Amino acid sequence: MSDGVIDGDWEYRPLRLPPGVSRLTAATQLSIHAEFSGWELSTVRLYADGTRKVWLRRKRKKNLLPGLIT
């Protein structure tokens with residue numbers, strides 16, 4: 001998985017699924033990302049060779065740690 005992109009309040013992450021990955025396997029993999037990492041499906045592109053390019057998104061989390069006191 002490559003690095004994500006931050007756009008305003010959202011964080012995006014591309015995911016490439018190679019040809020031959022069944023719909024059920026793809027759905028299971030995306031469900032795991034949603035359940036354990038808070039991602040949701042943003043966009044899916046299916047290419048002629050069977051490759052899927054999926055963009056996941058999630059709300060950006062506020063920095064929970066305060067800045068250093070010097």
Side-chain angles (χ1 to χ4, degrees):
M1 192 178 296
S2 62
D3 292 332
V5 175
I6 295 175
D7 180 24
D9 291 336
W10 292 97
E11 177 181 4
Y12 293 88
R13 175 149 302 170
L15 179 65
R16 183 186 164 280
L17 300 174
V21 172
S22 71
R23 261 181 97 126
L24 180 60
T25 302
T28 301
Q29 185 174 357
L30 295 173
S31 294
I32 290 168
H33 282 288
E35 180 71 25
F36 296 104
S37 299
W39 294 101
E40 63 184 45
L41 186 62
S42 177
T43 305
V44 177
R45 288 196 179 159
L46 177 60
Y47 294 95
D49 69 352
T51 299
R52 289 180 184 90
K53 182 155 186 186
V54 177
W55 282 89
L56 303 175
R57 74 176 188 170
R58 67 180 171 189
K59 283 279 195 180
R60 288 181 59 196
K61 296 179 183 174
K62 301 288 183 192
N63 189 358
L64 300 177
L65 296 175
L68 295 175
I69 300 172
T70 56

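What's counted below: heavy atoms across the whole structure, side chains too, no hydrogens, waters or symmetry copies. From a predicted model like this one, the values you see are computed outputs, not experimental measurements. For the single chain, residues carry numbers from 1 onward in sequence order.
- No path of Ile, Leu, Val, Met, Phe, Trp and Tyr side chains, each step under 4.5 Å between heavy atoms, connects Leu56 with Ile32, placing them in separate hydrophobic clusters.
- Looking only at side-chain heavy atoms (C-beta outward), Arg16 and Tyr47 stay at 4.5 Å or farther from each other.
- Listed here is the closest heavy atom pair of Trp39 and Arg13: CH2-CB, 3.6 Å.
- The closest side-chain heavy-atom distance from Arg60 to Ile6 is below 4.5 Å.
- Taking all atoms of both residues into account, the shortest heavy-atom contact from Leu41 to Val54 is CD1-CG1, 3.4 Å.
- Considering CD of Glu40 and CZ of Arg57, their distance stands at 4.5 Å, rounded to 0.5 Å.
- In this structure, CZ on Arg45 lies 13.5 Å from OG1 on Thr51, to the nearest 0.5 angstrom.
- Here the closest heavy-atom approach between residue Ser37 and residue Arg58 is recorded as O-NH1, 2.6 Å.
- Nearest heavy atoms, Arg23 versus Arg52: CG-NH2, 3.5 Å.
- Annotation for Gly50 and Leu46: closest pair O-CD1, 3.8 Å, computed over non-hydrogen atoms.
- Between the CG atom in Asp9 and the NZ atom in Lys59 there is a gap of 5.0 Å [rounded to 0.5 Å].
- Counting all heavy atoms, side chain and backbone alike, Val21 lies closest to Ala26 at CG1-N, 3.9 Å.
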| said: What verdict does the side-chain hydrogen bond (donor to acceptor under 3.5 Å, both in side chains) test give for Thr28 and Ser31, after you've listed the backbone C-alpha separation in whole Å, the side-chain angles of each residue and the deciding distance to 0.1 Å? | reply: CA-CA 5 Å; Thr28 301; Ser31 294; over 6 Å; no

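- Contact annotation: the side chain of Leu15 approaches that of His33 to within less than 4.5 Å [non-hydrogen atoms, C-beta and beyond].
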